[in-house]
*Asks:* 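Below you will find the structure I want to go over with you.
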There are 2 protein chains.
Amino acid sequence: MTLTSLPRHHGGADGLARLLGQALLAGRWRPGETFPRERDLCQHFEVSRNQVRNALATLVALGLIERTAGRGSVVCNIGEWHLLDPLVSAWMADIETPDAQLLREIFAFRYSAEPAVARLAARAAEAEDLERLEAAFLGMQRTAGMPEASARHAEYDVAFHDAIYRTSHNLVWRQMGHLLRPSIIALIQRSQAHLQPLDAGLDDSLARHGRLLEAIRSRDADAAEAAAVDVLRRTAVDLGIVADAQAESVQAPSAESIIHAKERSP
Amino acid sequence: MTLTSLPRHHGGADGLARLLGQALLAGRWRPGETFPRERDLCQHFEVSRNQVRNALATLVALGLIERTAGRGSVVCNIGEWHLLDPLVSAWMADIETPDAQLLREIFAFRYSAEPAVARLAARAAEAEDLERLEAAFLGMQRTAGMPEASARHAEYDVAFHDAIYRTSHNLVWRQMGHLLRPSIIALIQRSQAHLQPLDAGLDDSLARHGRLLEAIRSRDADAAEAAAVDVLRRTAVDLGIVADAQAESVQAPSAESIIHAKERSP
DNA sequence: GCCGCCACAAATGTCAGACATTTACCCTTG
DNA sequence: CAAGGGTAAATGTCTGACATTTGTGGCGGC
């Protein structure tokens, strides 16, 4: 791909890294392809070589590109991207069309991990944690059914799930909360693109979140695990990972069909 | 802390970042404390400001320090460290005395996550995956009981668990394999420090790994999950997270005692 | 005495230019 | 045809100067 399709202006200093990083995450260069040279980037964006080099250094640190003297910069394989880095997650969250495979991978991860996290949360929850969870849930309720507030609703949704990860009281799990934003933001973008408001299923989704909150509040690990699975099944439908019909007719779609959805709809 | 206790020489270009990063991971500066100034680092290590700035930029990208013009560099809270970044994991792996709390957090994560990963692996395993698993297991067997090969044994151990994460066929889980190295390396360091070779328990540990491999090979998700728990219980004993007596007398120490061990032995 | 303003010092951030090093490619030569 | 070297092009590095931000102390006015 050429540079010409990228906007020439960008915000502050690391705005350039963000711009280039998002272009990479959106798949505008394929793995193995060569990335533009420093000199071209300087000219196109009208910035000093220093800024370009700083931005590129950031991309290297995130495993997005690899640079070698004399050869240039090449785009790394998706498998080497540091998906778990907060920067990458944040960038991915506000891309208009994130890579579909990537979103499926993230959701498959959530589907296999969040039940266990909910289990931990139910055991470790303290007053402060419950407050966070409750505040997020109330926010979701308040913004439900308001099409113009769907962005805020998604934020509360992110906050709710992030609160669960935090409630696990484990440093590692807590950092994975960063992955939630891209996963959940993609949900509202999809609903807006399809002009198919989630109102119908939103009450249902809200109810499932409520049961999860209640299970954690009462320290019932088994119930929390089951409720988390329930929430994620609903989300899988809204994300279009499993067909609506399947989820509505069948009470419990097998984990197999969600985790390995990629293999049958590439 | 002052700079005087750090070695003045280091390997190549990013060797400086590694040196400083490991000092941070080892806890030689406390969160909130101010990090040495660029000028001092230049003088102490006898390198150009460029190299120092590059190294510090890396530390910033990893969430280890935060820099602001005019104020200087301050060490971030542990919660903001990007533990999931491969660089951080790799650095942590060969620190002589890694932070004990950090190791407990990582192990607690593994204890709650790996059973689910093993379950996925049992479902998704293909021929190539089984080869990797088998090769690692054979390596563990070959190096068992050889005190002088404990380092190689640990590498095979890492490879075995990493192979399980890879077998999940999920990008996110796969990246978490990086966390295994610090966790497992710490194990052999501990055994060497205590002059208490793991020979006694090693046969047992090996047998448990073998049962896990067999469960995955036969695509038995339930058995794989149970076997993974079994392996981790053994590891918890070897890591000193739960007392030997407890694990030997009681067949199944509660997850609670492993996950929240930090709260009773701070 | 307290408050606000200003000047200064100290730290990081930025820039521009030259040079070093690595790499790929072509052209020559045996 | 193969081996060699030379050249161009790319990233990596160094240096010095300057810009910008931040904290601080002193000064004067109220």
Side-chain angles (χ1 to χ4, degrees), chain A residues 1-3 6 8-21 23-24 29-76 80 87, chain B residues 1-3 6 8-21 23-24 29-76 80 87:
Chain A
M1 159 181 157
T2 61
L3 270 177
L6 285 179
R8 286 188 308 101
H9 293 94
H10 53 92
D14 34 299
L16 182 55
R18 179 189 146 113
L19 185 65
L20 297 174
L24 283 165
W29 285 276
R30 298 216 189 126
E33 216 172 330
T34 72
F35 202 73
R37 302 164 300 192
E38 290 182 353
R39 198 172 145 275
D40 292 341
L41 292 170
C42 292
Q43 287 188 354
H44 183 77
F45 294 106
E46 297 174 345
V47 296
S48 69
R49 193 158 90 108
N50 229 325
Q51 288 189 39
V52 167
R53 282 186 63 78
N54 284 341
L56 293 179
T58 300
L59 300 184
V60 170
L62 298 178
L64 296 176
I65 64 175
E66 191 178 6
R67 312 189 71 199
T68 38
R71 198 184 332 169
S73 313
V74 299
V75 180
C76 292
E80 312 187 23
L87 257 188
Chain B
M1 151 173 167
T2 61
L3 270 179
L6 285 180
R8 286 189 307 101
H9 293 94
H10 54 89
D14 34 300
L16 182 54
R18 180 188 145 115
L19 185 66
L20 296 173
L24 281 164
W29 286 276
R30 298 212 191 129
E33 214 172 330
T34 72
F35 202 74
R37 300 165 301 188
E38 290 182 354
R39 197 172 145 275
D40 292 341
L41 292 170
C42 292
Q43 288 188 354
H44 183 77
F45 295 105
E46 297 173 345
V47 295
S48 69
R49 193 159 90 107
N50 230 330
Q51 289 190 37
V52 168
R53 283 185 62 77
N54 284 340
L56 294 178
T58 300
L59 300 184
V60 169
L62 298 177
L64 296 176
I65 64 174
E66 191 178 8
R67 313 188 71 199
T68 39
R71 199 187 329 174
S73 313
V74 300
V75 180
C76 292
E80 312 186 23
L87 258 187

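Throughout, a chain's letter reflects where its sequence line sits, starting with A, and its residues are numbered from 1. We use all heavy atoms of the structure for the numbers below, so side chains are in, but hydrogens, waters and symmetry mates are not.
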*Asks:* Tell me, with the steps shown, if W29(A) and L24(A) meet side chain to side chain contact (heavy atoms under 4.5 Å, CB included).
*Replies:* CA-CA 6 Å; W29(A) 285 276; L24(A) 283 165; 3.9 Å; yes

*Asks:* May I ask you to list the residues of residues 58-70 of chain B, by number, that have any heavy atom positioned under 4.0 Å from an atom of DNA chain D?
*Replies:* A69(B), G70(B)

*Asks:* In whole Å, I'd like the distance from the CG atom of N54(B) to the P atom of dT11(D).
*Replies:* 15 Å

*Asks:* Might you confirm whether atom CD of E66(B) has over 12 heavy atoms from other residues, nucleotides or ligands at distances under 6.0 Å?
*Replies:* no

*Asks:* Whole angstroms only, please: what is the CG-C1' distance between D40(A) and dT11(D)?
*Replies:* 13 Å

*Asks:* Donor-acceptor check, side chain of E33(A) to backbone of R30(A), threshold 3.5 angstrom: yes or no?
*Replies:* yes

*Asks:* So do L41(A) and L56(A) actually touch side chain to side chain, heavy atoms under 4.5 Å?
*Replies:* yes

*Asks:* It should be established whether R71(B) places a side-chain nitrogen or oxygen under 4.0 Å from OP1 or OP2 of nucleotide dG23(D).
*Replies:* yes

*Asks:* Mind checking what makes salt bridge (charged side-chain N to carboxylate O under 4.0 Å, His left out) contact with R71(A), not counting sequence neighbours?
*Replies:* none

*Asks:* Ignoring hydrogens and geometry beyond distance, is the side chain of R49(A) in donor-acceptor contact with the base of dG12(D) at under 3.5 Å?
*Replies:* yes

*Asks:* Quick one: N50(B) CG to dA16(C) P, roughly how many Å, whole number?
*Replies:* 16 Å

*Asks:* In whole Å, what is the span from the CD atom of E46(A) to the C1' atom of dC15(C)?
*Replies:* 16 Å

*Asks:* So what's the dot-bracket for DNA chain D: Watson-Crick or G-U pairs under 3.5 Å, [ ] if a pair crosses, | if it pairs off-strand?
*Replies:* ||||||||||||||||||||||||||||||

*Asks:* Using a cut-off of strictly less than 4.0 Å, decide whether Q51(A) has a side-chain nitrogen or oxygen near OP1 or OP2 of dT14(C).
*Replies:* no

*Asks:* Just how far, in rounded Å, is C1' of dG17(C) from CD of E38(A)?
*Replies:* 14 Å

*Asks:* May I have the distance from L56(B) (atom CG) to dG13(C) (atom C1'), rounded to whole angstrom?
*Replies:* 13 Å

*Asks:* Figure out the CZ/P separation between F45(B) and dT13(D), and round it to whole Å.
*Replies:* 17 Å

